[in-house]
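Structure first, then comments.
Keep in mind that the numbers below use all heavy atoms, side chains included, and drop hydrogens, waters and symmetry copies. Throughout, a chain's letter reflects where its sequence line sits, starting with A, and its residues are numbered from 1.
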There are 2 protein chains.
Amino acid sequence: SASQDLDLKILQTVMEQLDANRIRENLRELSKEPHLATSPRDEALVQLLLQRWQDPESGLDSARTTEYEVLLSFPSGEQPNRVDVVNSTGAVLFSCRQSEENVTGEQGGPDVVPPYAAYAPPGTPQGPLVYANQGSEEDFKELQKEEVKLQDSIVLTRYGGVGRGAKAVNAAKYGVAGVLVYTDPKDINDGKSLPNETFPHSWCLPPSGVERGSYFEYFGDPLTPYLPATPSSFRLNSDNASGFPPIPIQPIGFEDAQVLLCNLGGKLAPANWQGGLGCDYNLGPGFRSNGIFPEDGQVNVSVHNRLELRNSSNVLGIIRGAVEPDRYVLYGNHRDSWVHGAVDPSTGTAVLLELSRVLGTLLKKGTWRPRRSIVFASWGAEEFGLIGSTEFTEEFFSKLQERAVAYINVDISVFANATLRVQGTPPIQSVVFSAAKQISAPGSSGLSIYDNWIRYYNRSSSVYGLVPSVGTLGAGSDYAPFIHFLGISSMDIAYTYDRSKTSARIYPTYHTAFDTFDYVDKFLDPGFSSHQAVARTAGSVLLRLSDSLFLPLNVSDYSETLRSFLQAAENLLLEQHNISFGPLVTAVEKFEGAATSFNQRIATLQEGTPDPLQVRMINDQLMLLERTFLNSQAFPEERYYSHVLWAPRTGSVATFPGLSNAYSQAENTGHEPAAWAEVQRQLSIVVAALEGAAATLRPVADL
Amino acid sequence: SASQDLDLKILQTVMEQLDANRIRENLRELSKEPHLATSPRDEALVQLLLQRWQDPESGLDSARTTEYEVLLSFPSGEQPNRVDVVNSTGAVLFSCRQSEENVTGEQGGPDVVPPYAAYAPPGTPQGPLVYANQGSEEDFKELQKEEVKLQDSIVLTRYGGVGRGAKAVNAAKYGVAGVLVYTDPKDINDGKSLPNETFPHSWCLPPSGVERGSYFEYFGDPLTPYLPATPSSFRLNSDNASGFPPIPIQPIGFEDAQVLLCNLGGKLAPANWQGGLGCDYNLGPGFRSNGIFPEDGQVNVSVHNRLELRNSSNVLGIIRGAVEPDRYVLYGNHRDSWVHGAVDPSTGTAVLLELSRVLGTLLKKGTWRPRRSIVFASWGAEEFGLIGSTEFTEEFFSKLQERAVAYINVDISVFANATLRVQGTPPIQSVVFSAAKQISAPGSSGLSIYDNWIRYYNRSSSVYGLVPSVGTLGAGSDYAPFIHFLGISSMDIAYTYDRSKTSARIYPTYHTAFDTFDYVDKFLDPGFSSHQAVARTAGSVLLRLSDSLFLPLNVSDYSETLRSFLQAAENLLLEQHNISFGPLVTAVEKFEGAATSFNQRIATLQEGTPDPLQVRMINDQLMLLERTFLNSQAFPEERYYSHVLWAPRTGSVATFPGLSNAYSQAENTGHEPAAWAEVQRQLSIVVAALEGAAATLRPVADL
Ligand SMILES: [Ca+2]
Ligand SMILES: [Ca+2]
Ligand SMILES: [Zn+2]
Ligand SMILES: [Zn+2]
Ligand SMILES: [Zn+2]
Ligand SMILES: [Zn+2]
């Protein structure tokens, strides 16, 4: 019936049926072999997903693939990438490993892609070595200040601080010829670096482990911005495509990095540039006089990566909504991995398969059909830059813009066993809290997931008092095109660390050949209770979004964000260059007022028996609020980014990104009038967006 | 009730109550005084509209104004614009009139703005005179071919052929210093030019009449593209604003043009450049030897226009929908005129007021309330470039994008008494036909408006056989931002000429001080029966859109357009540069198939008793189809234009505009690879739009 609402008994049934052991078995199957994007095993997993979602007893209403021809980057099969130390006659004195050590028998197979920097251009630069810390703009400024010659050098950088691609972009500005990247044990292993301290003896990264990754600066298929990469689509010539690293890069393990870095000459690097390799880190250029290499020894980096057009598939599985089939709640994760990808992404896919099995079973039994449609998605080629999900948003742009209620992303579902961690836009906070309050946390604490969460991540809300803190969405996984390009309320859900116990940047075997089933089974989540906790949380959020009569999105929770952005903007810019905050203050107040009244109208309707169209109108306002923050004119240079509140921001202060970036630009360009005009333009863009958002929440006949 | 549908009795009542004499009285009041945008009389009319729409017995639910601070252009009050012939010592030999002759006593008042070219920059260029026909690109190429020196010349051009602003843009490319524009009697008066043949003795333009107009190349407030021009909005510096004519221009009457043109020297102009001034038109440069001016006489143009920020108001009147208040049918016209504006725009506003009176009366009596909300709008500053309506679409962007069903524009409602004339997007054809079939045409023919219409404008449809032809929408009135920027199905409705009886470009007193009440009352529509016919047609369309259970938009009528665009594109481009039309053919076929099936589903639903949400879902698909053709990346250089099917097209073949323009560009640039790549990109943009449109029409649970 049109008044179909969330059935708490069904919800309870789903919670009970989500099975830790089935998740474990899913993970075993998913991570059995390496499944790099578009590899035969990746395609085999496409079939596995189709089979599961088409199962007569536990499948969905329908399942299909969508295929795209996308530009990926792979190391050459014939010419391995190399990093060598050579003397002045060119003789090779030392070579870095070309693959990780075969520690568990799973690192040696033919399907293990050697470590490389995807989209790094081929080239064989050679030069004296310089240590450049994390390769940030500040790091290169520091080297310049210290008069370290960067022109034609090879720089060694640590992962962290800035994005992968940014290291090469920053380096190239100083004439650097090539870049090496490694993971420092201080940043990933809490300092541990010996073989017997690392996997398979602990969760730590072995010395030969190398983080692979994409170095493409945008997301989506590089050749088809804003167009779905169908076979017949217009493609940029790859020479005209932008966002690739300007110079060759190659990642190496800390075992090899130690040989290079501990033999560097030059001045001692600053204290916060030092790491866990057991020696003083010097800046270079070149090697020290009493080390194992001649002082004029150079580093030669040989990169032979190749760009290739490949067919990548998404798998979509659909449950048709009983009442509002034209409203979609999406739930997705990527399928492709760098190697076996047990943690990334298979902990997420294992949960996805268990959740779709439980819901599919209820569906096939005739016990349940959701009010709205549910779309499960397994994205391809995420590791190369969120490609499958982005192409999907391009192909289905209109339908999603019109009809998508929310997007739930569960990529890595378990980083560690301590606590829930959620990132999302403010309106999803309330539904996540509702779900988390009714599920027990794994372990023996007896706490709910919510009460456990608040112990690890919390903030003081002016509205609610102490609550768990929900993080913001960057572009770290497939939610990016949904929130930034389409303005769909989105979230990412996982279980994660006790930050008092580890300072690891991320789980240590991330993007290496050591990210295997045993790694998860022995170290990350023995018993799979954290997996189950994530399955229940995400499953509960999904059911609440798909089944509740009124969409459980609390638009009023944007008010706190807007207030804090406003406050920060005022602090940053107050009385600078005659910028008046009056219109922005008014717009924030209008939003607050409209949101409060809107929630009151919902509460009043909920007391009575609202007619189906009244409910639909309210739900349309709830669904479309996030869309009102989009402005395709706001950041014309930032591909896909159009959400006025969540676009990338260079400054450290959490505020309106366009305003903040324009302000930084004005500061950096010596206060040019054009730069200050852009600050004013960005201010007007924010005001217009907030006015539009408030208008969308006001009674619909008050134009 | 949720199943509220169009009530044919109410429709009949509305048709009967629309009163010709009340329209006449409205027109008398509206055109009593000149009401240039933002003038005191324009503001007085704002109050008149508010009063009418707030009337307790015949008003709407609510009425309000929205105000914008916009950049307009006016002649100087102190320094009149001048056009003089001077001799080599600078002595003035002849001066053009600075105002129109006071023929009826209405041309002489202080509120009659002197003829000028709005947004033409100030300047006092002087040079030999050249005749440049209509000032098109081809015209200047012809002059160049004929070796007529254009550098530092003043060119005299006729209205017509290309837009106003284009004449100056084209001229400036050849170093022309200033431009004059006049209306040739051949183009406007069917050749008549004597005082006793023209108004007030006929509908023809008197010799001193001058067409005013905006020469701004874009639309909307020039200083606030994509932002509503609120007082606090960011504004471009007017030096940085684009779209203004590059050189001074001034319009003159044909009385003065005759003196200049009939004394020109040089070669005889081509046959199709000749006009109705009773002499041979020569090209110049300079005057002929046996004329009234010395051969080296020059023309001095003094333009003293000033840009001014002014407050312009829109008036909005709302009838709240009974069932779906969040669906808006908009009906609007501009209020501002150049002088008295009896025809333009007051014939439209007189109809608007009568229609809102009749509906308001039914509303206040409690007899009727529409299913959906109706929004009546009186736009400000249209004459300067659709400014009020564009700022409205910027301010209300999100709400309109989410909720607007259609926009009905009735600007000039009566050009002449022969036939209905409708421009619009294909889905509005069917509702206009339905309305026109049920209303009697004015006059004694006994025909319906439809049957009369088909006698004047018709085409052979592959689907329907012979039908009246509905024209396409350019940017000639306030519908432009609705269709091009927002993708809202739009139309413009008027009564117009028998083209076998006149070849006038437009009604002769257009934008002159002779466009007065008596002009309409005596010549254009004595008895106001054509006004009544337009009121009934537009009123019937409005009621059908606001009250029908299923929106009366026939999306399938896009198929014919797409087929013909496809055919034309194939003819234009076939086998050029390996362009494959396969994907486009497939996309058109998918659209056709989806639209046909969609219409079948509606027909099936209409046979039963569909539930309210089923109807709503179908209506959302109908409403949003037009939106799916928008692509903000398609034409980044064309301000506001984002509708992939209706953007401006330079070529003469009716086809996909982006494709056509890219093809022309490729042809003109000698087939550069980058230009052909743009052709391919535009092809992919069209394919993606059609695929998206088809997807929107498919069953909503088939993702
Ligand atoms: Ca793409
Ligand atoms: Ca504007
Ligand atoms: Zn991942
Ligand atoms: Zn990853
Ligand atoms: Zn008009
Ligand atoms: Zn006009």
Side-chain angles (χ1 to χ4, degrees), chain A residues 2 61-62 64 224-228 230 232-234 236-237 316 318 320-321 323-326 328 373 375 394-399 401-403 580 582-583 611-613 616-617 620-621 624 627-628 631-633 636 677 680-681 683-685 687-688 691-693 695-696 699-703, chain B residues 2 61-62 64 224-228 230 232-234 236-237 316 318 320-321 323-326 328 373 375 394-399 401-403 580 582-583 611-613 616-617 620-621 624 627-628 631-633 636 677 680-681 683-685 687-688 691-693 695-696 699-703:
Chain A
D61 285 322
S62 65
R64 57 175 286 211
T224 60
Y226 296 105
L227 286 168
T230 57
S232 68
S233 172
F234 167 70
L236 295 170
N237 188 306
L316 303 176
I318 292 154
R320 191 180 69 254
V323 184
E324 296 183 274
D326 66 339
Y328 311 142
S373 294
V375 180
E394 290 172 328
E395 179 169 7
F396 293 84
F397 186 85
S398 295
K399 285 177 98 154
Q401 190 179 50
E402 296 162 5
R403 302 176 191 162
S580 159
D611 78 44
L613 286 175
R616 174 84 170 197
M617 285 185 258
D620 279 0
Q621 290 172 281
L624 295 172
R627 241 71 104 223
T628 67
N631 182 333
S632 64
Q633 303 293 322
Q680 296 278 15
R681 189 180 83 95
L683 191 64
S684 286
I685 285 171
V687 169
E691 296 266 359
T696 281
V700 293
D702 296 1
L703 196 69
Chain B
D61 286 320
S62 64
R64 57 175 286 212
T224 59
Y226 296 106
L227 286 169
T230 57
S232 69
S233 172
F234 167 69
L236 295 169
N237 189 307
L316 304 174
I318 292 155
R320 192 181 65 254
V323 184
E324 297 183 273
D326 67 340
Y328 311 142
S373 294
V375 180
E394 291 172 325
E395 179 170 5
F396 292 85
F397 186 85
S398 295
K399 286 177 96 154
Q401 190 179 49
E402 296 161 5
R403 303 177 190 162
S580 159
D611 77 44
L613 287 175
R616 172 85 170 198
M617 284 185 258
D620 278 359
Q621 289 172 282
L624 295 172
R627 240 73 103 221
T628 67
N631 181 334
S632 64
Q633 303 293 323
Q680 296 278 14
R681 189 181 83 95
L683 191 64
S684 286
I685 284 171
V687 169
E691 295 266 359
T696 281
V700 293
D702 296 1
L703 195 69

task = Evaluate side chain to side chain contact (heavy atoms under 4.5 Å, CB included) for B/D620 paired with A/E402, printing each intermediate quantity in order.
result = CA-CA 9 Å; B/D620 278 359; A/E402 296 162 5; over 6 Å; no
Of the backbone (N, CA, C, O) and the side chain (C-beta and beyond), which part of [X] lies under 4.5 Å from a heavy atom of chain B, both, or neither?
{"X": "A/L316", "result": "side chain"}
{"X": "A/F397", "result": "neither"}
{"X": "A/V687", "result": "neither"}
{"X": "A/L236", "result": "neither"}
{"X": "A/A695", "result": "both"}
{"X": "A/L227", "result": "side chain"}
{"X": "A/S62", "result": "neither"}
{"X": "A/P612", "result": "both"}
{"X": "A/E691", "result": "neither"}

task = Looking only at non-hydrogen atoms, find the nearest pair between B/P228 and A/A688 and report the distance.
result =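 Taking every non-hydrogen atom into account, CD-CB, 4.2 Å.
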query = What are the two closest heavy atoms between B/S398 and A/G692, and how far apart are they?
reply =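 That would be CB-O, 4.5 Å.
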query = With side chains defined as the heavy atoms from C-beta onward, is the minimum distance between B/R616 and A/M617 less than 4.5 Å?
reply =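 Counting from C-beta outward, B/R616 and A/M617 do come under 4.5 Å.
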ask   = Going by heavy atoms in the side chains, are B/R403 and A/T696 under 4.5 Å from each other?
value =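 They are in contact (side-chain heavy atoms under 4.5 Å apart), so the answer is yes.
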Spacing of A/I685 atom CD1 and B/F234 atom CZ [to the nearest 0.5 Å] =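 Those atoms lie 9.0 Å apart.
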request  = Taking side chain to side chain donor-acceptor pair (under 3.5 Å) as the test, write out the residues that go with A/E394, two or more places apart.
outcome  =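 A/E394 satisfies side chain to side chain donor-acceptor pair (under 3.5 Å) with A/Y640 only.
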Qualifying residues under side chain to side chain donor-acceptor pair (under 3.5 Å), relative to A/R681, sequence neighbours excluded =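 Result, side chain to side chain donor-acceptor pair (under 3.5 Å) vs A/R681: A/E678.
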ask   = Relative to chain B, which of A/L703, A/T628, A/I318 shows the most heavy atom pairs under 4.5 Å?
value =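 Max contact count across the listed options: A/L703.
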message = Heavy-atom pairs under 4.5 Å with chain B: which of A/P583, A/A677, A/A693, A/P699 has the most?
response =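 Max contact count across the listed options: A/A677.
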